[in-house]
Each structure stands twice: as C-alpha cells, then as structure tokens.
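In what follows, a single structure is set out as structure tokens and then discussed.
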Amino acid sequence: MFWQLTLLAYLTGSLSFAILISRLAGAPDPRAGGSGNPGATNMLRLAGKRLAIWTLLGDLLKGVLPVLLAASLGLSVQQQAWIGLAAVLGHLYPLYFSFRGGKGVATAAGALLGLYPPAAFLALGAWLLVFRLTRTSSAAALVALPVCLPLLAWQRPDALLPMSLLASLIIWRHRNNLRDLFAGRERHF
C-alpha cells in the first residue's frame, strides 16, 4: 500500500493548480509572467487575490490529503512523511507539465499539516513573522519549514529524515531567490 500511495501522492502533487486555474479563468500562464513560478504568490501578482487563494487551497490540499489518507490506512508516521514528500516532488517536478513546477511551499505546508499540525502552525507563525518584517515571500518560505525541524525531531522523530529532505528541496528551489535576497534584488510586497 505504501508504494501505491507514494505514486498517487506524486501524481496528485503533479496537478498544478496555478496553471489549471489560470487556464479556467483566462488569466495569464504563471510560468510566462511575473516570477515564472506556478504558485500562489505569482498568481497573486498576475491574476489577483481570488485566484491566488484558490491556488493556495489547491496546493495545500494536494499535500494534506495523501498524508491523511496514509494515516487513515494505518501507515507509520515515517511512511506518511515520505508520502508527503512525494506530493511535494510532484509539485516541484510535475509529470503533467513537462516537470516544470513551483517551489513547493504550500504543498509542503499541507503535508506538514497532515503529518503534525503543531509543526504546521509553527511554520505558519514563522512565515507570517518573517513576511511581516521583510515583506518578502521567499524569505518567509526559507525560514518556515526549517524552523519546524527541531519540533519534529522531538515529537515525530520518525518523520525527521523525509521532512529534512523536504526542507532541503524547498531551499534548493529558492536558490535564485537567495541570490536575489543577498544582492538586494528580491521582489517585495
């Protein structure tokens, strides 16, 4: 059952809500404008708040639902965490969109919410604080997940390896943002 759910999580994660919603609404393709990232932040820039919220909700759900399904079927916490990572990998490298995906923040938040809600709320608090201080979504994203790792190590140690890999992937996908942050060129809200 684990491998089937892992594959299902990847395939579900490969659904790019930013691209699908922009097509349905007649909005610009998020890969062709703004930051070029098919995610909620770029949808906010290109298509407005309503479509960005729908994108955010879709991306959250594709992270949380596979993890909750795995939990309901009695899979271990570690297996749930690997399944959450698979959903995020689908978002980062979507099968349906030539492996050109987003940065995975909302999908990772959904996976974390399904895995251990207190860690998700800690990540949300860290994201909100950093965003309020910097007005930069990428800086907030770079802090949010890594800040949860000590809590996971304490409360859900079996999930630490997959969630550490997930945090590393999020940082890797933000490498251009990091360069722009250090150079003072990163976009602010």
### Heavy-atom donor-acceptor pair, Asn42 side chain to Pro30 backbone, under 3.5 Å
yes
### Message
Within the supplied structure, the quantity of interest is the number of heavy atoms (other residues, nucleotides, ligands) at a distance under 6.0 Å from Arg50 CZ; does it exceed 12?
### Response
no
### Query
Would you call Leu145 and Trp127 a side-chain contact if the rule is heavy atoms closer than 4.5 Å?
no
### Task
Identify whether Leu169 and Leu112 are in the same connected component of the hydrophobic contact network (ILVMFWY, side-chain heavy atoms under 4.5 Å).
yes
### Task
Quick one: closest heavy-atom pair of Ala159 and Leu115, and the distance?
CB-CD2, 3.6 Å
### Query
Do you know which two heavy atoms are closest between Ala126 and Ala144, and how far apart they sit?
CB-CA, 4.2 Å
### Query
Are any side-chain N or O atoms of Thr107 and backbone N or O atoms of Asp59, one a donor and one an acceptor, separated by less than 3.5 Å?
yes
### Query
Quick one: does Thr12's side chain have a donor or acceptor within less than 3.5 Å of a partner on Ala9's backbone?
no
### Message
Side-chain heavy atoms nearer than 4.5 Å, only ILVMFWY residues, links allowed to pass through others: does that put Tyr93 and Ile171 together?
### Response
no
### Query
According to the salt bridge (charged side-chain N to carboxylate O under 4.0 Å, His left out) rule, which pairs have a member within residues 96-124, sequence neighbours left out?
none
#### Entry: Shortest non-hydrogen contact between Leu61 and Pro66, atoms and distance
O-CD, 4.0 Å
### Message
Any heavy-atom pair between the side chains of Leu122 and Tyr116 that's under 4.5 Å?
### Response
no
### Task
Report the C-alpha distance between Leu69 and Leu8 in whole Å, list the side-chain angles of each, state the deciding distance to 0.1 Å, and finish with yes or no for side-chain contact (heavy atoms from CB on, under 4.5 Å).
CA-CA 11 Å; Leu69 178 60; Leu8 178 64; 4.2 Å; yes
### Query
Taking atom CD1 of Ile21 and atom CG of Leu51, what is their separation to the nearest 0.5 Å?
6.5 Å
### Query
Checking Arg175 side chain against Trp172 main chain: does a donor-acceptor pair fall under 3.5 Å?
yes
#### Entry: Same cluster (ILVMFWY, side-chain, under 4.5 Å), Leu11 and Leu166
yes
### Task
First locate atom SG of Cys148, then atom CE of Met163, and finally report the distance between them rounded to the nearest 0.5 Å.
10.5 Å
### Summary
Rounded to the nearest 0.5 angstrom, the CD1-CD distance for Ile83 and Gln4 is 10.0 Å
### Task
For Arg185, check salt bridge (Lys or Arg N to Asp or Glu O under 4.0 Å) against everything at least two apart and list the hits.
Asp180
### Backbone of Tyr96 reached by a side-chain donor or acceptor of Ser14 within 3.5 Å
no
### Distance in Å, Trp3 CH2 paired with Leu7 CG, rounded so as to fall on 0.5 Å steps
10.5 Å
### Spacing of CG belonging to Leu60 relative to CG belonging to Leu65, to within rounding of 0.5 Å
10.0 Å
### Query
Among the clusters formed by ILVMFWY side chains lying less than 4.5 Å apart, do Phe182 and Val130 turn up in the same one?
no
#### Entry: Stepwise side-chain contact (heavy atoms from CB on, under 4.5 Å) test for Phe17 and Leu56
CA-CA 8 Å; Phe17 283 94; Leu56 177 64; over 6 Å; no
## Note on the structure
Correct closest heavy-atom pair for Leu149 and Ala167 would be CD1-CB, 4.2 Å
### Query
When you look at CH2 of Trp54, are more than 12 heavy atoms from neighbouring residues, nucleotides or ligands closer to it than 6.0 Å?
no
### Task
Without swapping roles, check the side chain of Arg173 against the backbone of Gly101 for a donor-acceptor pair under 3.5 Å.
yes
#### Entry: From Leu181 atom CG to Asn176 atom CG, the distance as rounded to the nearest 0.5 Å
11.0 Å
### Query
Looking only at heavy atoms, which two atoms of Asn37 and Gly102 are closest? And how far apart?
OD1-CA, 2.9 Å
### Task
Work out which heavy atom in Ala70 is nearest to a heavy atom in Gln80; give both atom names and the distance.
CB-CG, 3.9 Å
### Message
side-chain contact (heavy atoms from CB on, under 4.5 Å) for Trp82 and Leu165? Distances and angles first, verdict last.
### Response
CA-CA 10 Å; Trp82 286 115; Leu165 290 172; 3.6 Å; yes
### Query
Do Tyr10 and Leu73 sit in the same hydrophobic cluster, where Ile, Leu, Val, Met, Phe, Trp and Tyr count as joined when their side-chain heavy atoms come under 4.5 Å apart?
yes
#### Entry: Criterion side-chain contact (heavy atoms from CB on, under 4.5 Å) on Gln79 and Leu5, from CA distance to verdict
CA-CA 10 Å; Gln79 289 173 318; Leu5 285 178; over 6 Å; no
